[in-house]
Protein chains: 2
Amino acid sequence: MTLNVRLDPVDLDILRVLQNDARTSNKELAAAVGVAPSTCLDRVNRLREAGVILGQDLRVDAAKLGRPLEAFLSVRVQPHRRPLVDPFVEHVLAQPETRALYHLTGPDDFLVHVAARSAADLQRLVLDEFTARTEVALVHTNLIFQHWRGGPLLP
Amino acid sequence: MTLNVRLDPVDLDILRVLQNDARTSNKELAAAVGVAPSTCLDRVNRLREAGVILGQDLRVDAAKLGRPLEAFLSVRVQPHRRPLVDPFVEHVLAQPETRALYHLTGPDDFLVHVAARSAADLQRLVLDEFTARTEVALVHTNLIFQHWRGGPLLP
DNA sequence: AGTGAAACGAACCCTTG
DNA sequence: CAAGGGTTCGTTTCACT
């Protein structure tokens, strides 16, 4: 977990290729960035040890898994103190519908990305798992029509 | 791209393990779900062909890549018609700061997840790349204090 | 559709430039 | 820090159940 990491052009190339497909083999990767496979493996391991590479996520089709309705819930928690906030975070992460949770600045403190089985499931989630909690002051629901991933993240 | 996919308990186990670490080797995966490696490989390939598995993302530390400031931008586009919306989407995705873009229901039509080098970079992004555009009626900026990933997505 | 063995290819380690 | 070569390990194929 080195804090200051120096990244040369080869490292950046590696990160670019792996962000495109995290399952690229070391051999392919080495050829793509123009170094020997042994060197390339070393670079990737260093990036892992340095904490630049945190892991690799599987991208799945939520609709094909029976969750065709995705939404963002904006949640205002009041009063906004740790003894109330921490259990709220735990409860949100325990829901099978939760894909991601963000703590934000602004009046609506939390943003929750959820994937629901149906409108009824989403309604149950909002009413029973969010607004029913005493620390939750307000919930806004916005459906996701479509989403796009950005390009590779680089300095 | 079969539309209706039947997923048995082994498939669900596979998806659970791979969502935890998409780089799990086929041998490990087979042992974890209790089938032979050859069978396991077949299952994973089927899940790919069926479009359940879409790909695998590299999780990187944005701060270590020189982008320590993450934020959500809520953007209202007006008037909300395709000839204006499509170029807007292209422009957002062309920004190196963009991590993800969502088209939502509600008055603020778009939500943009961005990672900026600094407050000045974020300000430039908002002023020059968003509010400067004629189709952008309003931008709200909310910094991300902290974020959490949800558990594996399953039916 | 699942298995086990056998052939192939990649990853890893260590030594050298 | 990069490269080459040898060993180890994993992946992939295939005949069989």
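Proteins come first, then strands; the chains are lettered A, B, ... in the order of their sequence lines, and each starts at number 1.
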Quiz item: How are the rings of A:His80 and A:His103 set to each other: parallel, tilted or perpendicular (split at 30° and 60°)?
Solution: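 Perpendicular: the ring planes of A:His80 and A:His103 meet at over 60°.
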Quiz item: Parallel under 30°, tilted from 30 to 60°, perpendicular over 60°: which one fits the rings of B:Tyr102 and A:His147?
Solution: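 Answer is parallel, since the angle falls under 30°.
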Length of the [atom1]-[atom2] vector between [X] and [N], whole Å:
{"X": "B:Asp42", "N": "C:dT3", "atom1": "CG", "atom2": "P", "value": "11 Å"}
{"X": "A:Leu47", "N": "D:dC1", "atom1": "CG", "atom2": "P", "value": "12 Å"}
{"X": "B:Arg43", "N": "D:dT11", "atom1": "CZ", "atom2": "P", "value": "18 Å"}
{"X": "B:Ile14", "N": "C:dA1", "atom1": "CD1", "atom2": "P", "value": "13 Å"}
{"X": "A:Leu29", "N": "C:dC12", "atom1": "CG", "atom2": "P", "value": "12 Å"}
{"X": "B:Asn45", "N": "D:dT12", "atom1": "CG", "atom2": "P", "value": "7 Å"}
{"X": "B:Arg23", "N": "C:dA11", "atom1": "CZ", "atom2": "C1'", "value": "10 Å"}

[X] side-chain proximity, nearest of [options]:
{"X": "B:Val35", "options": "C:dA11, C:dT3, D:dA3", "result": "C:dT3"}
{"X": "A:Asn26", "options": "C:dA11, D:dT12, C:dG2", "result": "C:dA11"}
{"X": "A:Arg46", "options": "C:dA1, D:dC1, C:dT3", "result": "D:dC1"}
{"X": "A:Lys27", "options": "D:dC1, D:dG10, C:dA11", "result": "C:dA11"}
{"X": "A:Ala36", "options": "D:dC1, D:dA3, D:dT11", "result": "D:dA3"}

Quiz item: Base, sugar-phosphate, or nothing: which does B:Ser38 touch, judged by heavy atoms less than 4.0 Å apart?
Solution: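 Base contact - B:Ser38 has a heavy atom under 4.0 Å of at least one base atom.
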Self-check item: Side chains of A:Val77 and A:Arg133 in contact at under 4.5 Å (non-hydrogen atoms)
Solution: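 No, their side chains stay 4.5 Å or more apart.
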Quiz item: Which residues pass the side chain to side chain contact (heavy atoms under 4.5 Å, CB included) test with B:Asp21, sequence neighbours left out?
Solution: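 Here the qualifying residues are A:Gln56, B:Arg23, B:Thr24.
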Exercise. Go through the steps for B:Glu97 and B:Arg124 under the test side-chain contact (heavy atoms from CB on, under 4.5 Å), then give the verdict.
Key: CA-CA 11 Å; B:Glu97 286 85 0; B:Arg124 181 201 58 77; 3.1 Å; yes
Quiz prompt | Closest-nucleotide 5' rank along DNA chain C - winner of A:Leu41 and B:Cys40 | solution =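 In this pair, the answer is B:Cys40.
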